[in-house]
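To keep things clear, I will list the structure first and then write my remarks on it.
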Amino acid sequence: MFLSVTQPLDLAATLFSGQDFRWRHDDALGSHGVVKDHLVALRQVPGGLEAWSPGLGEKALTSLLRWHFRLDDDLERIHAGLSTDPVLARAVQRHRGLRLLRLEPWPALASFICSSHANISRIAQMVEALATALGRPLQSNALVRHTFPPPALVAEAGEARLRELGLGFRARSLAAAAAVVAGGQLSLEALAGVPLDEARRRLITLPGVGEKVADCVLLLAYEHLDAFPIDRWVRRAVEQWYRVPRGWRYEAVAAWAREHFGPYCGYAQLYIFQAARLGPGSFAKGAGDATV
DNA sequence: CACCCTAGGTTCGGT
DNA sequence: ACCGAACCTAGGGTG
């Protein structure tokens with residue numbers, strides 16, 4: 001089916017920007033991924049998206065995509081608000097169409113526990129291994145993808161099995177966090193609507209979840225657009241571009257960001273992250289000579 | 001081809 | 001409270 005999209009949308013940039021790790025590119029099929037246990041294939045075409053999902057009607061697929069791509073966010077207005085800052089204005093202009101994604105809490109939490117000390121392709125590899133080994137197959141013709149396994153199954157798999165799947169030292173944390181969630185000691189459902197600080201405190205009680213991972217989950221899965229996850233890219237960027245002092249604690253930088261960028265600082269983080277990785281002026285190895 | 005280093009962080013042990 | 005190091009492993013860079 002064709003889905004008309006009038007909002008700015010750069011599909012490839014959005015899908016592979018390290019928010020969701022379930023999307024893969026395929027020359028023949030376009031991009032395919034798994035959203036809320038549905039296999040979805042997408043291709044960007046003039047005026048919108050060509051979308052396809054086995055077993056989903058047009059109405060259901062439309063609402064699934066509006067949900068995932070946050071098509072109800074008025075991106076133009078958010079851009080305008082952020083563009084009062086000249087540094088951000090340039091990043092927004094360059095990466096126009098890069099959108100925040102909306103994710104389910106558990107897959108997001110598990111993915112970002114895996115993100116520790118790994119790059120995007122490595123994270124995607126771990127997440128895919130989890131799904132392939134423990135998830136339910138979703139098949140259509142030659143294409144097979146898998147649902148993301150629920151907490152109980154990940155807990156049941158245990159540390160040793162997760163290590164076999166290539167998670168390394170993250171296996172212990174993920175198995176333990178899954179057990180806490182599966183056992184009901186921490187309800188991810190009950191976190192919805194909880195204020196940022198309190199939700200953050202609760203998430204951080206989970207093994208493998210620190211400030212950065214908690215903020216990623218809150219931003220992407222709990223509608224906290226004022227969360228500002230700070231990884232090494234973002235920290236380096238704000239230190240260099242905004243003269244934020246080196247050595248500021250995480251929470252000090254986050255407070256500065258909320259003050260400086262306002263209630264949509266989560267979107268600001270997205271563009272800063274992308275600009276830091278992809279330049280110009282990127283800190284990425286070798287990016288400087290290619291793009292400047 | 002062997003070796004070194006880093007990658008979207010968290011945790012643990014020592015001041 | 002505040003640093004510093006270790007932690008698995010894949011992948012790219014260097015000798």
Side-chain angles (χ1 to χ4, degrees), chain A residues 13-23 91 95 98 100-101 103 107-130 132-133 157-178 180 186 200-221 227-241 245-255 257 265-279 282-290:
Chain A
T14 300
L15 257 24
F16 303 106
S17 56
Q19 304 182 64
D20 188 8
F21 302 96
R22 306 272 354 240
W23 288 96
H95 302 288
L98 174 63
L100 218 45
L101 289 173
L103 307 177
L109 175 61
S111 299
F112 283 102
I113 287 176
C114 292
S115 76
S116 176
H117 213 309
N119 54 32
I120 292 180
S121 69
R122 177 85 201 279
I123 302 163
Q125 184 178 317
M126 290 187 273
V127 170
E128 205 57 28
L130 279 172
T132 304
E159 175 180 350
R161 179 80 178 106
L162 299 186
R163 278 183 184 270
E164 286 175 11
L165 296 177
L167 298 215
F169 64 86
R170 308 156 193 86
R172 176 200 284 274
S173 309
L174 183 60
V180 172
L186 178 59
R200 210 159 174 277
R201 269 194 291 277
R202 290 196 212 169
L203 280 174
I204 288 177
T205 63
L206 292 171
V209 180
E211 299 169 300
K212 148 60 165 85
V213 168
D215 281 340
C216 284
V217 174
L218 291 167
L219 174 61
L220 296 170
F228 192 81
I230 303 163
D231 55 36
R232 42 213 300 161
W233 292 99
V234 170
R235 180 176 285 273
R236 243 184 319 185
V238 296
E239 285 172 357
Q240 185 156 328
W241 300 342
R246 288 175 191 284
W248 269 18
R249 344 224 83 269
Y250 185 101
E251 198 39 53
V253 179
C265 62
Y267 262 105
Q269 188 269 2
L270 180 66
Y271 293 108
I272 290 171
F273 178 64
Q274 192 78 345
R277 288 176 58 232
L278 303 180
S282 162
F283 309 108
K285 294 188 288 276
D289 39 9

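Every chain is numbered from 1, with letters handed out A, B, ... down the list of sequences. Note: hydrogens, waters and symmetry copies are ignored here, and every other heavy atom, side chains too, is used.
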_What's A/V213 touching, base or sugar-phosphate or nothing? Going by heavy atoms closer than 4.0 Å._
sugar-phosphate
_Taking only the P atom of each, what is the distance from B/dT11 to C/dA10 in whole angstrom?_
23 Å
*Base, sugar-phosphate, or nothing: which does A/Q269 touch, judged by heavy atoms less than 4.0 Å apart?*
base
*asked:* Tell me whether the count of non-hydrogen atoms from other residues, nucleotides or ligands lying under 6.0 Å of CZ in A/R172 goes above 12.
replied: no
*At under 4.0 Å, does any side-chain N or O of A/R249 touch on OP1 or OP2 of C/dC2?*
yes
*Using a cut-off of 4.0 Å on non-hydrogen atoms, how would the nucleic acid contact of A/P207 be classed: base, sugar-phosphate, or nothing?*
sugar-phosphate
*Can you tell me how far P in B/dC4 sits from the matching atom in C/dA6, rounded to whole Å?*
16 Å
*asked:* Is the base of B/dG8 stacked against the aromatic ring of A/F273, taking ring centres under 5.5 Å apart and planes under 30° as the test?
replied: yes
*With respect to the side chain of A/S116, which nucleotide from B/dG8, B/dT10, C/dC8 is positioned closest?*
B/dT10
*Answer yes or no on whether A/R235 is positioned over the face of A/W233, meaning its NZ or CZ is under 6.0 Å from the six-membered ring centre and within 45° of the axis.*
no
_Basic-acidic side-chain contact under 4.0 Å: A/R200, A/E251_ = yes
*Name the nucleic acid region contacted by A/S17, choosing base, sugar-phosphate or nothing; use a 4.0 angstrom heavy-atom cut-off, strictly under.*
base
*Using the P atoms only, state how far C/dA5 lies from B/dC5, rounded to an integer number of Å.*
15 Å
*Touch check for A/L206, heavy atoms < 4.0 angstrom, all strands: base, sugar-phosphate only, or nothing?*
sugar-phosphate
_Dot-bracket line, read 5' to 3' along DNA chain C, where crossing pairs take [ ] and | marks a partner on another strand, Watson-Crick or G-U under 3.5 Å_ = |||||||.|||||||
*With sequence neighbours excluded, residues passing ring pair (Phe, Tyr, Trp, His ring centres under 6.0 Å) with A/Y271*: A/H79
_Among B/dA7, C/dC8, B/dG8, which nucleotide has an atom closest to any side-chain atom of A/R163?_
C/dC8
